[in-house]
Amino acid sequence: MLITIDRRGGEASWDDEAIERLATFALEHMEAPDACEVSISLVGVDEIHDLNRTYRGIDKPTDVLSFECDDPWGTYEEDEPIQIGDVVIALDVVDGQRAQFGTGFEEEASLMLVHSLLHLLGWLLLGTGLICFILRQLWRRRGLILGIAIVYFLFCNA
């Protein structure tokens, strides 16, 4: 798996190694193909606001956006990379909303990343808010692995 991290703005910071470890861990536990590639962009509030307005028609900032590319479950040549998509996270928005949910910064940012990876893998069938709520509750109570496993078995379309 190839995880590419691009920093393009914002004041809040999150360690690149932690992001890459979490993304790799989550993709492996969601049984994503080894040839998967994902881009993770950390952007400022203005950029995510522009992207949200342009691609979702919502004229306000958001915490995270996912842009799907290749179908991770399609048929590909053996050495062909599978670009599953792009995750765009506004860490300043994530930092600003964590008090609302009673989470720490890294916990909230981690939830946003895992949530987006689920989108890129095509496993989410419910609304975004409900999935985030479920992930937060599972994460608090049982940790990431069980949270991913339960969301997978409850809501995946695989």
Angle class for the H119/H115 ring planes (parallel below 30°, perpendicular above 60°, tilted otherwise)?
perpendicular
Mind jotting down which residue pairs meet the salt bridge (Lys or Arg N to Asp or Glu O under 4.0 Å) criterion with at least one end in residues 79-102? Sequence neighbours excluded, please.
D95-R98
First locate atom SG of C36, then atom CD1 of I82, and finally report the distance between them rounded to the nearest 0.5 Å.
5.0 Å
Scan residues 33-64 for pairs that pass ring pair (Phe, Tyr, Trp, His ring centres under 6.0 Å), counting only residues two or more places apart or in two chains.
Y55-F67
Kindly indicate whether the side chain of D16, heavy atoms from C-beta on, has any atom under 4.5 Å from the side chain of I5.
yes
Separation between CG (L113) and CG (L22), nearest 0.5 Å, reads 5.0 Å
For the CZ atom of R7 and the OG atom of S13, what is their distance to the nearest 0.5 Å?
4.5 Å
For residues I89 and L27: do they belong to one hydrophobic cluster (side chain heavy atoms under 4.5 Å, members Ile, Leu, Val, Met, Phe, Trp, Tyr)?
yes
Cluster link V38 to L118, ILVMFWY, side chain under 4.5 Å:
yes
For the CG atom on D34, are there more than 12 heavy atoms of other groups (residues, nucleotides or ligands in this structure) within a distance under 6.0 Å?
no
Taking salt bridge (charged side-chain N to carboxylate O under 4.0 Å, His left out) as the test, write out the residues that go with D71, two or more places apart.
none
Please identify which of these residues, L51, V87, V43, meets the side-chain contact (heavy atoms from CB on, under 4.5 Å) condition with L65.
L51
Are M112 and Q97 close enough that some pair of their side-chain heavy atoms sits under 4.5 Å apart?
yes
Check side-chain hydrogen bond (donor to acceptor under 3.5 Å, both in side chains) between D6 and all other residues, then give those that pass, not counting sequence neighbours.
R8
Treating Ile, Leu, Val, Met, Phe, Trp and Tyr as nodes and any side-chain heavy-atom pair under 4.5 angstrom as an edge, say whether I40 and I84 lie in one connected cluster.
yes
Identify the two heavy atoms, one from I3 and one from A23, that lie closest to each other, and give their separation to 0.1 Å.
CD1-CB, 3.9 Å
State yes or no: do V114 and F105 share one hydrophobic cluster built from I, L, V, M, F, W and Y residues joined by side-chain heavy-atom distances below 4.5 Å, directly or via other members?
yes
Could you tell me whether the side chain of M1 reaches within less than 4.5 Å of the side chain of E37, counting heavy atoms only?
no
Under the ring-ring contact (aromatic ring centres under 6.0 Å, His included) test, which residues partner Y76, sequence neighbours left out?
none
Closest heavy-atom pair, V94 versus A109, reported as atoms and distance to 0.1 Å, is CG1-N, 3.6 Å
Is there a path from L120 to L111 through hydrophobic residues (I, L, V, M, F, W, Y) whose side chains come within less than 4.5 Å of each other?
yes
Apply side-chain hydrogen bond (donor to acceptor under 3.5 Å, both in side chains) to T62 and list each qualifying residue two or more places apart in sequence or on a separate chain.
none
Is a side-chain N or O of N52 found less than 3.5 angstrom from the main chain of K60, in a donor-acceptor match?
yes
Side-chain heavy atoms of I19 within contact of L42, under 4.5 Å
yes
Shortest non-hydrogen contact from G44 to A90?
O-CB, 4.3 Å
Straight-line distance of D63 CG to S116 OG, nearest 0.5 Å
8.0 Å
Take L117 and M30 through the test side-chain contact (heavy atoms from CB on, under 4.5 Å) and record every step on the way to the result.
CA-CA 9 Å; L117 293 172; M30 290 184 276; 4.0 Å; yes
Rounded to the nearest 0.5 Å, what separates atom OG1 in T4 from atom CD in Q83?
9.0 Å
